[in-house]
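Scroll down for the structure; my scribbles are underneath it.
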Amino acid sequence: MLEIKTIDESPAASDYIFIFVKDNAVISLQRPPDQFWLRGEVEGAFGDVGVGAPLGYWAGRPSYAIEVDAQCLNVMEHMSGSLYSLFGRVSDVIFAAYGRALQMLAWQRDHQFCGRCGTLTAPTDGGKALACVDCGHSAYPRLNPCVIVAVGRGEQLLLATAAGRATGFHSTLAGFIEPGESAEQAVIREVQEEVGIGVNNVRYFTSQPWPFPSQLMLGFFADHSDGEIVIDPTEIAHADWYGRDDLPTVPPPQSIAGQLIHHFFATR
Ligand SMILES: [Zn+2]
């Protein structure tokens, strides 16, 4: 897996490189997905690509993310696709590494200029931050914490489809944590807002990085306490209680939603 730590050596031809064209990961069609590019190969194929965004170490080797020009890609040798298209197709550790790579690239791209005074920024703190060369204001990669919650009522689980997003799944409810709010408070508020019911007994399950684009999903279970389902149609297209034997199509087990749903019924 990708070991997240500061790279304390100079860029070298033997560095591992995760390549992207805009937000699309580039996968070689001629080698397995865990045989990453080497910096020397990338420079041979694409010319000067810069140092890239530092990721940490893969198998003891410094690793970086680099964006290349689509016009330089040989389509006979490479395939580029959204990060989501890799989900479930490569191992979890490779997916997590690509997820970090995409987020670090996006952070570098979006913080080239100081948000406070507009001057150029430069890497600082071992590449972990970008700091303004004038006023010193620094920006670290931003994560957006979200709660995702499986609400139970006896043997039944609340599942919903999101408005305006045709995922084909019935899933657990999720939402961003607001400034000044605890994760548990966000669970109670999101459920109330989206489906109009009260919950209690909120308990933490596990977490998952969700790089679409930069969420950290915090998974919870909660129990229905009061009220009937009244959906907010701007957020939810359909919501209902489901038992183990009448489950609709749910998210895959690689996702935290899939894990919450599986765990709910496995412990009933
Ligand atoms: Zn500044």
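Keep in mind that the numbers below use all heavy atoms, side chains included, and drop hydrogens, waters and symmetry copies. Numbering of residues begins at 1 and proceeds along the displayed sequence.
- Around the NE2 atom of His262, the shell of radius 6.0 Å holds no more than 12 heavy atoms that belong to other residues, nucleotides or ligands.
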**Report entry** Audit row: Asn24, Ser82, side chain to side chain donor-acceptor pair (under 3.5 Å) steps and yes/no
**Finding:** CA-CA 4 Å; Asn24 288 332; Ser82 73; 5.1 Å; no
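- A distance-only check finds a donor-acceptor pair linking the side chain of Arg203 to the backbone of Asn201 [under 3.5 Å].
- Seen from the ring of Tyr16, Arg61 counts as a face-on cation partner, given the 6.0 Å and 45° thresholds.
- Atom CZ of Arg142 has 12 or fewer neighbouring heavy atoms from other residues, nucleotides or ligands inside a 6.0 Å radius.
- Qualifying ring pair (Phe, Tyr, Trp, His ring centres under 6.0 Å) partners for His263, counting only residues two or more places apart in sequence or in other chains: Phe205, Phe221.
- By the 4.0 Å N-to-carboxylate-O rule, Arg109 lies close enough to Asp23 to be salt-bridged with it.
- Aromatic ring centroids of Phe18 and Tyr98 lie under 6.0 Å apart.
- The backbone N or O of Leu38 sits less than 3.5 Å from a side-chain atom of Glu41, completing a donor-acceptor pair.
- Between Arg100 and Glu3 there is no salt bridge, since no side-chain nitrogen of the basic residue lies less than 4.0 Å from a carboxylate oxygen of the acidic one.
- Of the inter-residue distances, the one linking Phe95 atom CZ with Leu86 atom CG reads 7.0 Å to the nearest 0.5 angstrom.
- In this structure, Gln208 contributes its side chain and Gln254 its backbone to a donor-acceptor pair below 3.5 Å.
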Requested in this report: List the steps, then state whether side chain to side chain donor-acceptor pair (under 3.5 Å) holds for Thr6 with Asp8.
Outcome: CA-CA 6 Å; Thr6 303; Asp8 54 8; over 6 Å; no
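- For Gln192 (side chain) and Arg189 (main-chain N/O), no donor-acceptor pair under 3.5 Å exists by modelled atom type.
- The environment of Glu228 atom CD is sparse: at most 12 non-hydrogen atoms of other residues, nucleotides or ligands sit within 6.0 angstrom.
- Atom CZ in Phe169 sits 12.5 Å away from atom OG1 in Thr161 (nearest 0.5 Å).
- Under a hydrophobic clustering in which Ile, Leu, Val, Met, Phe, Trp and Tyr are joined whenever their side-chain heavy atoms come within less than 4.5 Å, directly or via other members, Trp37 and Val51 fall into the same cluster.
- Between the side chain of Gln185 and the main chain of Ser182, a donor-acceptor pair closer than 3.5 Å is present.
- Residues satisfying the ring pair (Phe, Tyr, Trp, His ring centres under 6.0 Å) test with Tyr84, not counting sequence neighbours, are Phe87, Phe212.
- The side chain to side chain contact (heavy atoms under 4.5 Å, CB included) test applied to Asn200 returns Asp223, Ser225, not counting sequence neighbours.
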